[in-house]
Structures are given as structure tokens and as C-alpha cells.
There are 2 protein chains.
Amino acid sequence: MMGNDELVSECVKRPRDRIIDTAQLLFRKHGIRGVGVDAIAEEAGTNKMTLYRHFGSKDELIAECLRDTASGVEPFWRDLEAAHPGDGMAQLHEWVRAVASYASMEGGGCDLLTAAFELPEPDHPARLVVEAFKHEQRNRLAALCRAAGIVEAERLADALGLLLEGARVNRRTVGPDGASANFVTIAEAVIASFSAAAGAQAARD
Amino acid sequence: MMGNDELVSECVKRPRDRIIDTAQLLFRKHGIRGVGVDAIAEEAGTNKMTLYRHFGSKDELIAECLRDTASGVEPFWRDLEAAHPGDGMAQLHEWVRAVASYASMEGGGCDLLTAAFELPEPDHPARLVVEAFKHEQRNRLAALCRAAGIVEAERLADALGLLLEGARVNRRTVGPDGASANFVTIAEAVIASFSAAAGAQAARD
DNA sequence: CGCCCATGTTACCGACCTGTAACGTTTGAC
DNA sequence: GTCAAACGTTACAGGTCGGTAACATGGGCG
């Protein structure tokens, strides 16, 4: 009696993957606490028991969804390196362009932030995923700034990181026509200012 | 049989105010969806019926809490004007210092962001409050930048706004030792860069 | 006093939630 | 074909949720 095809395009995958995909979708639409495991299982074309056999609990399913989302940025960093090999500054500008287009997408990169806001318990398994991911991204961006020859690389990385997270949350709160629409312009200006600071310092030496 | 004093310091107020204060507290601690109206009423030293008689529904209570939180920033802007009357640039630097110290407090200014993340329904009454508030803050900050003589005032205002919201969400996700710790330094650098741009343009003329 | 309005109390409804038990059914590997 | 693992189905437990009804109680004010 196979053939339950509520999500036809997904039905080729195995139940475990369908559940994760569906859960990410429904979490985005209704909030993590706003959707039950039963609804997830049904929408994924399976049932609650299979869900629990795979993930054990809803909290673990949430954490697994975030791990999946987080792992999705790996090709992003690879493309960055491949697009401008050896040219750190070009990669930095490409980073701005890429994250802006990614953040403009449906739910682009907001899953981890949403989880952090929706799950206040400090020892929730999902929180560990978020913290580790955010740390890693911060370090990667700092390395990119260093490779671009920025003197205060860590500071610029933090500035860009705050701008990006601010753009995400701004878009989430007031929609796509708010301050987040100027993210690229602002980020470029900040990069230029940090580069000019290096130039000025070099000129003084 | 008056005198239920679970929150002694609050019990002088009327039930309506106690409910709002308690709700804000519990919403911050457990999330909006993580606490029930019954728990709020009990913690406020009253009961569910009076809560519903005052607010009609949980959603309206949420909106009312956000309105209360939003109205709390009024003295903040007054103090800004009073601290450095007529000196827009000094007020801008004071803004950076003040919002940083405010955002470092317990739950400082995160209530509206949390609500926006926890309540995805686009027509939720709380969302209207958040959007209106964010718009107003954006305009006020832009006016402040204009008064400070910044040429691209709107752009700087958006930059500072994104940095602030980014700092809030960063603190919420990775704690107080993340990139948000550098908010003041970064904001000052961005302000300096926008001021220098004005100076350079003036020099070119 | 008598009245009224805000509040307190209790009980309840229907819906939904996470999680489990027991038992069929399919599938794929050997 | 066999057998075991993965999967589907149904039913249920125990709890919490938002929201309402009916009634008791109080204090303030004319």
C-alpha cells in the first residue's frame, strides 16, 4: 500500500530525509513550537511512530534539522574559494553579495536564529548546534578578512557578522523593505572604511 | 481576602498592571508560547478569569505587553536630547553608549524581536506593534544622524540599526562574549567613517 | 443601607500535545 | 523462499493548553 504522495517530489527519498525536509518547512511556517510531530509525520507522508524510531524525541528532531541546515553552508564557502582563488579581497566582496542573496531567499538562514529565540532553555540540544555554528562562521569570516589583508580583521568580521544578523532579523520583523535592503551598500562601505584605515596606517608608516 | 503577596513589590498595583509585568517576565524566561495564561495569572497573584476580563485573549495580552515595553523607550530619547542639547553628534555618540548598556541588561530590548520570531502568523496583533515600533525607531535614529550633520544620514542610521539588532540577536544566540561585545567599538568606527566621508566630500568641493 | 462592579473560585470543555504499546505489512538481502 | 529489519496503523495514556460558565465575595460609593 505504498504510494502516499502528498509531496511527490520528496517521495523518492527515504522517510528519515522526508521528515527532516518537511520539519524544516513547517518549522519555518508555523514556528517550532507551533507544529506537532503528528503534523510533521503526516505531511512527510509517513507516521509518528517512524518519526520517533528515527529521532527519539521532538527536541532531537529539531537539533537534527539544524545540523542539516548548518551543513548546507559548506558548498557556499567552497564556491567562495573557487570563484576567486587566492584573491581574499574579491572573496570578501563575493561573500557580501552571496550572503545578501541568500538572506533574501525564503527563510534564508533564519532557522538557527528562530531556534535560538524559540527555545530559551539553555541546555536544549538545539542550542549547542546554534552556538557551535555561529562560532565557526565567525572564525571563518575572520579568516577571510585576514586573507583579504584587513588589519583589524577580527573587528571587521564582527562588524559584518552583526550587520548580517541584523539584516536577517530586520527582514523578519519589518519585511524586505526595511533597513536590510541596504545591507550590501552598508557592508561595502564598512569594508572600504576598514581598508582605508589600513591604507592610512600604511601611509603614516 | 486580599493580600496574596507572591510578588510583594508588585502587589500594590492593580491586577491589570501586575499581569502585564508578570507576563513580560515569564515570556522572557520561558518564551511566549512556553507559558500559559494560567501560570501568568497565578504568578501575578490573581486568576485566569480576571486576566481574560482585562485582555480578552492571550494574543491581546501579548500585544499589550509589547506596547508597554515599546512605550518604555520614551524617556530614553528624552534623556538623549537633555544630555547634549543642540549637539547632534554628541547625542549620536551617547545613543551608542546608551543602547549598548541597555542591550547588555537582562533581556534588554529583545522582547519585540522574540515576539517577531515566535509568532510567525503575519496578521498577529503583536506583529503590528513590532513593525510600527521598528519603523519609528528607524526614523528617530535617521533624524538623529541628520541632526549630527551626517551627509548620508539614512544610510548611517540603517547601518547602526542593523548593528544594534545584530548585537541583540548575537548576544541571544552565543551569549555576551560574542561579537556583540565589540558593538560600541564597531559603531564608533562606522560613525567615524561616515563623518570622514562628509569631510572628504567637503574637501573635494 | 443597598447597590454595583471588580475580583476571586471552581469546574469544565474541546482541542492539541509528546510519547508509547501492540500488532500488521512491506521490503530487501541472503 | 526465508527471515529480519524497516515501516505502517491504530489506539491510547497523561498532560497542558486557551477559553468559558456559573457563582461567591469583596469593597467603594450613592
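Everything numeric in this text was worked out from a predicted model, so none of it was measured. Just so we're on the same page: letters track the sequence lines, and every chain starts at 1.
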Within this structure, what is the [atom1]-to-[atom2] distance between [X] and [N], rounded to whole angstrom?
{"X": "B/Ile40", "N": "D/dG19", "atom1": "CD1", "atom2": "P", "answer": "11 Å"}
{"X": "B/Leu51", "N": "D/dG19", "atom1": "CG", "atom2": "P", "answer": "10 Å"}
{"X": "A/Arg18", "N": "D/dC7", "atom1": "CZ", "atom2": "P", "answer": "9 Å"}
{"X": "A/Arg14", "N": "D/dA6", "atom1": "CZ", "atom2": "C1'", "answer": "8 Å"}
{"X": "B/Ile32", "N": "D/dG18", "atom1": "CD1", "atom2": "P", "answer": "12 Å"}
{"X": "B/Asn47", "N": "D/dG19", "atom1": "CG", "atom2": "C1'", "answer": "14 Å"}
{"X": "B/Phe55", "N": "D/dG18", "atom1": "CZ", "atom2": "P", "answer": "15 Å"}
{"X": "A/Ile19", "N": "D/dA6", "atom1": "CD1", "atom2": "C1'", "answer": "12 Å"}

What is the distance from atom CG of B/Asn170 to atom CG of B/Asp177, rounded to the nearest 0.5 Å?
10.5 Å
Starting at CD of B/Glu154, measure out to CG of B/Leu141 and round the result to the nearest 0.5 Å.
10.0 Å
With a cut-off of 6.0 Å (strictly less than), are more than 12 heavy atoms of other residues, nucleotides or ligands near NE2 of B/His84?
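Enclosed.
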Hey, which of these two, A/Val35 or B/Lys48, hits DNA chain C nearer its 5' end, going by closest nucleotide?
B/Lys48
Within the pair [X] and [N], is there a side-chain N or O less than 4.0 Å away from OP1 or OP2?
{"X": "B/His54", "N": "C/dA6", "value": "no"}
{"X": "B/Thr46", "N": "C/dG8", "value": "yes"}
{"X": "A/Thr50", "N": "D/dC7", "value": "no"}

B/Met49 side-chain proximity, nearest of D/dG19, C/dT18, C/dT9
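Ranking D/dG19, C/dT18, C/dT9 by closest atom to the B/Met49 side chain puts C/dT9 first.
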Is any side-chain N of the basic residue among A/Arg138 and A/Glu131 closer than 4.0 Å to the acidic one's carboxylate O?
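A salt bridge is absent here (no side-chain N lies under 4.0 Å from a carboxylate O).
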Hey, which of these two, B/Asp59 or B/Arg53, hits DNA chain D nearer its 5' end, going by closest nucleotide?
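That would be B/Asp59.
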I'd like to know if the side chain of B/Arg171 reaches the main chain of B/Gly178, judged simply by a donor and an acceptor atom lying under 3.5 Å from each other, with no hydrogens or angles considered.
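No, because the side chain of B/Arg171 does not come within donor-acceptor range (under 3.5 Å) of the backbone of B/Gly178.
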